Amino acid sequence: MNAEKSHEIFARLCTVNPNPRTELVYRTPFELLIAVMLSAQATDKSVNQATARLFARANTPEAILALGEDGLKAHIRTIGLFNTKARNILRTCALLIERHGGAVPRDRAALEALPGVGRKTANVILNTVFGEPTMAVDTHIFRLANRTGLAPGKTPAAVEQGLLNQVPREFQRNAHHWLILHGRYVCTARKPRCPECLIADLCEYPDKTPPHPAPSNTLDHVQH
DNA sequence: ATCCCGAGGG
DNA sequence: CCCTCTGGAT
């Protein structure tokens, strides 16, 4: 996709939502880290419900470790993959205390060394907490990058690199959130709402589902 | 490639 | 019922 087109896409998304923000509810970098770890293959709504209870009880590495495995699981049982997530979070809390004084490190390698933290989660932290123009490629961004033609790629790594090259510098900070929100509410996975999409004319996705049923070629439905 | 895995939508 | 949700580890 050419530069003018991708610029126009983000300019329009910016007009609608000038200051996009994650919909995960958090108060501290540590809370955001835990929330993002919990958000893997889960809706933010589901995560927010659980973290509201969890963070009221424990919102530091020490406090979460004190809950123990069963105690932590009791708070996050309503989230998918909760078994694995609970173990990863406990090990991550221990490592944060051992290596980083209980703080969330501003370093990709250090972040990805935490159990349950991969490239996508590290990119979210680096972007949202530390303001770095990273591109976290999740399920939404992977889908949109390919559908729109912004940055086609077979792997998240390829899409990430493509977006870093394609997104104008002025939009890099917020591009992640714009694509997420557009993917969540308009360019949905199963039934994209192309008729109400504000960048449909710039998109390469072929399926522009018509809003109205195809006209019948008979008059059988007409009342007499 | 496969496993993990609850809740909500269609 | 089936699909999807801000993935990561093996």
Side-chain angles (χ1 to χ4, degrees), chain A residues 13 17 20-26 29 31-54 69-70 72-93 95 104 108-130 132-148 150-151 153-160 163-164 167 172-194 207 209 211 213:
Chain A
L13 294 174
N17 194 349
R21 200 166 158 278
T22 177
E23 293 188 352
L24 291 170
V25 177
Y26 69 99
E31 287 191 355
L32 179 63
L33 175 63
I34 300 304
V36 176
M37 291 178 72
L38 289 172
S39 73
Q41 300 298 114
T43 61
D44 63 333
K45 188 178 297 182
S46 169
V47 172
N48 287 337
Q49 280 185 1
T51 55
R53 305 189 302 264
L54 173 63
E69 189 169 321
D70 291 338
L72 178 54
K73 283 181 183 174
H75 286 88
I76 66 172
R77 200 173 295 279
T78 51
I79 303 177
L81 316 180
F82 72 90
N83 235 319
T84 307
K85 288 172 182 176
R87 295 193 196 106
N88 284 337
I89 286 171
L90 289 173
R91 291 174 58 202
T92 284
C93 286
L95 284 177
V104 177
R108 175 182 300 286
L111 286 168
E112 291 187 17
L114 302 170
V117 178
R119 188 172 184 87
K120 179 261 171 180
T121 299
N123 279 333
V124 171
I125 298 299
L126 290 172
N127 180 308
T128 304
V129 176
F130 300 111
E132 298 187 14
T134 59
M135 199 62 64
V137 179
D138 53 59
T139 179
H140 291 301
I141 292 184
F142 187 79
R143 180 178 69 250
L144 266 68
N146 278 291
R147 262 189 196 164
T148 59
L150 256 174
K154 291 173 184 159
T155 67
V159 168
E160 178 179 339
L163 285 174
L164 287 175
V167 180
Q172 276 192 12
R173 183 72 53 87
N174 290 326
H176 168 75
H177 294 304
W178 282 321
L179 293 174
I180 289 269
L181 294 173
H182 193 63
R184 178 175 301 159
Y185 296 114
V186 181
C187 192
T188 53
R190 195 130 33 132
K191 192 185 158 198
R193 303 174 181 174
C194 300
D207 181 18
T209 314

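A, B, ... follow the sequence lines: proteins, then strands. Residue 1 opens every chain. Since this is a predicted model, take the numbers as computed values, not measurements.
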**Request:** Remember a base hit wins even if backbone is also touched, and classify A:Leu114 as base, sugar-phosphate or nothing at under 4.0 Å, heavy atoms.
**Result:** sugar-phosphate
**Prompt:** If we take the P atom in both C:dG8 and B:dA7, what is their distance in whole Å?
**Reply:** 23 Å
**Asked** What integer distance in Å separates A:Leu111:CG from C:dG8:C1'?
**Response** 15 Å
**Request:** May I ask you to verify if any side-chain N or O of A:His140 is less than 4.0 angstrom from the OP1 or OP2 atom of C:dC5?
**Result:** yes
**Fill in**
Taking every heavy atom of A:Leu38 against every heavy atom of A:Lys85, the minimum-distance pair comes out as O-NZ, 2.7 Å
**Message:** Taking the side chain as everything from C-beta on, heavy atoms only, tell me whether A:Arg87 gets closer than 4.5 Å to A:Leu72.
**Reply:** no
**Message:** What is the separation between atom CD1 on A:Ile76 and atom P on B:dG6, rounded to the nearest whole Å?
**Reply:** 12 Å
**Item:** Atom pair distance, as rounded to whole Å: CD1 in A:Ile141 and P in C:dT4
**Value:** 18 Å
**Request:** Compare side-chain N and O positions of A:Thr121 against OP1 and OP2 of C:dG8 and report whether any pair is under 4.0 Å apart.
**Result:** yes
**Request:** Assign A:Ala189 to base, sugar-phosphate, or nothing according to its heavy-atom contacts below 4.0 angstrom with the strands shown.
**Result:** sugar-phosphate
Distances under 3.5 Å only, N/O to N/O: pair up the protein atoms with those of nucleotides 1-5 of chain B.
{"unit_1": "B:dC5", "atom_1": "OP1", "unit_2": "A:Asn83", "atom_2": "ND2", "d": "2.9"}
{"unit_1": "B:dC5", "atom_1": "O4'", "unit_2": "A:Leu81", "atom_2": "N", "d": "2.7"}

**Request:** Only pairs at least two apart or in different chains count here, so list each side chain to side chain donor-acceptor pair (under 3.5 Å) that has a residue in residues 172-189 of chain A.
**Result:** A:Glu23-A:Arg184, A:Glu23-A:Tyr185, A:Asp44-A:Arg184
**Message:** Nearest heavy atom decides the nucleotide; on that basis, is A:Val124 or A:Arg190 closer to the 5' end of DNA chain C?
**Reply:** A:Arg190
**Rounded distance in Å between the P positions of C:dT6 and B:dC3** = 24 Å
**Prompt:** Between A:Arg184 and C:dT6, does any side-chain N or O lie under 4.0 Å from OP1 or OP2?
**Reply:** yes
**Between B:dG8 (C1') and A:Asp44 (CG): distance, integer Å** = 12 Å
**Asked** Does the side chain of A:Thr78 get closer than 4.0 angstrom to OP1 or OP2 of B:dA7 through an N or O atom?
**Response** no
**Message:** What is the separation between atom CG on A:Leu38 and atom P on C:dG7, rounded to the nearest whole Å?
**Reply:** 12 Å
**Spacing of A:Lys45 atom NZ relative to C:dT6 atom P, expressed in whole Å** = 10 Å
**Residue-phosphate contact under 4.0 Å: A:Arg143 side-chain N/O, C:dT6 OP1/OP2** = no
**Request:** Only counting residues at least two apart or in another chain, list the ones meeting salt bridge (Lys or Arg N to Asp or Glu O under 4.0 Å) with A:Glu160.
**Result:** A:Arg119
**Message:** Classify A:Val36 by what it touches in the nucleic acid, base, sugar-phosphate, or nothing, heavy-atom distance under 4.0 Å.
**Reply:** nothing
**Message:** If I take atom CZ in residue A:Arg91 and atom P in nucleotide C:dG8, what distance separates them, rounded to the nearest angstrom?
**Reply:** 15 Å
**Request:** Report the distance from atom CG of A:Asn48 to atom C1' of C:dC5, rounded to the nearest whole Å.
**Result:** 13 Å
**Request:** Mind checking side chain to side chain donor-acceptor pair (under 3.5 Å) for A:Arg147 and listing every partner two or more places apart, or none if nothing turns up?
**Result:** none
**Fill in**
Contacts of A:His75 meeting side chain to side chain donor-acceptor pair (under 3.5 Å) (sequence neighbours excluded), chain-then-number -> none
**Message:** Would you say CZ of A:Arg91 has more than 12 non-hydrogen atoms from neighbouring residues, nucleotides or ligands within 6.0 angstrom?
**Reply:** no
**Sequence-distant partners of A:Asn48, side chain to side chain donor-acceptor pair (under 3.5 Å), two or more places apart** = none
